[in-house]
Amino acid sequence: ETGVTQSPTHLIKTRGQQVTLRCSSQSGHNTVSWYQQALGQGPQFIFQYYREEENGRGNFPPRFSGLQFPNYSSELNVNALELDDSALYLCASSLAYTGGPMNTEAFFGQGTRLTVV
Amino acid sequence: LAKTTQPISMDSYEGQEVNITCSHNNIATNDYITWYQQFPSQGPRFIIQGYKTKVTNEVASLFIPADRKSSTLSLPRVSLSDTAVYYCLVGDEGGSYIPTFGRGTSLIVHP
């Protein structure tokens, strides 16, 4: 168990709808990253939040948005769902340090399996 | 430009030692090398991390040559439960660690 929990575990949505996925970070962690993993592929970085602000973003359109709350829990929102958005969505929490080399271990949740029909 | 390059797949047998090599020719001075394991429909799980030379924990060893342009994950005496995808990652630039995954190496352990 990593201490990172995601909800829901499975979800089915219709094309064009909106979805919100949730992540509860490991206690004490101030950074959360979201990933999309299509079948047979490695996880693709969507974005990262550090202390409630976006700290980096991958090659995903603006309809993918996120929030990080003061308790460091997080949400991933996807608008105007497309069939290709069907994937496993992973949340990872870590503790970021300012300055110096980064040697942070990221703890992943079990993921949310989103199916768009 | 891919940060890391790994074999797509490997096969082994129970009880054997498995070595998975990863190339990261453009590794930055401050980057660490991290390996993750992932089972189907689960999130990746941290295995081991290192900066240079050799690191060993209860699960695996990580060998990093002096030039740090590659690394080798060594799994001693694998079992069927080690069948998984193994990812090699290097730290991102800019002072913030954003784990960036490639396609990983699919390891199948046979009886």
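Proteins get letters first, then strands, A, B, ... in listed order; numbering begins at 1 in each.
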- prompt: Which residue out of Pro40(B), Gly104(B), Ser41(B) racks up the most heavy-atom pairs below 4.5 Å with chain A?
  reply: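 Top option by heavy-atom pairs under 4.5 Å: Ser41(B).
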query: If two hydrophobic side chains count as joined below 4.5 Å and joins carry through other members, does Phe63(B) share a cluster with Leu75(B)?
result: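 Cluster IDs for Phe63(B) and Leu75(B) differ.
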Tyr13(B), OH: over 12 other non-hydrogen atoms inside 6.0 angstrom: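 It does not: Tyr13(B) OH has 12 such atoms or fewer within range.
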- prompt: If you group Ile, Leu, Val, Met, Phe, Trp and Tyr by side-chain heavy-atom gaps below 4.5 Å, do Leu88(A) and Val116(A) land in one group?
  reply: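 No.
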message: When you measure from the side chain of Tyr36(B) to the backbone of Ala106(A), do you find a donor-acceptor pair of N or O atoms at a distance under 3.5 Å?
response: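 Present.
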query: If you look at every heavy atom in Arg103(B) and Gly40(A), which pair is closest and at what distance?
result: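 Scanning both residues, the minimum pair turns out to be NH2-O, 3.6 Å.
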query: When hydrophobic residues are tied together by side-chain contacts of less than 4.5 Å, even through go-betweens, does Val19(A) share a cluster with Leu83(A)?
result: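 In one cluster: yes.
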field: Atom of Gly43(B), atom of Leu90(A) and distance for their closest heavy-atom approach
entry: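 Looking at all heavy atoms of both residues, the closest pair is CA-CD2, 3.6 Å.
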field: Cluster overlap Val78(A) with Tyr49(A), hydrophobic side-chain contacts below 4.5 Å
entry: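 Yes; tracing contacts between hydrophobic side chains, which count when under 4.5 Å, links both residues.
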field: Part of Gln37(A) within contact of chain B (heavy atom distance under 4.5 Å)
entry: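 Side chain only.
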query: Below 6.0 angstrom between ring centroids: does that apply to Phe108(A) and Tyr87(B)?
result: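 They do not qualify: ring centres at least 6.0 Å apart.
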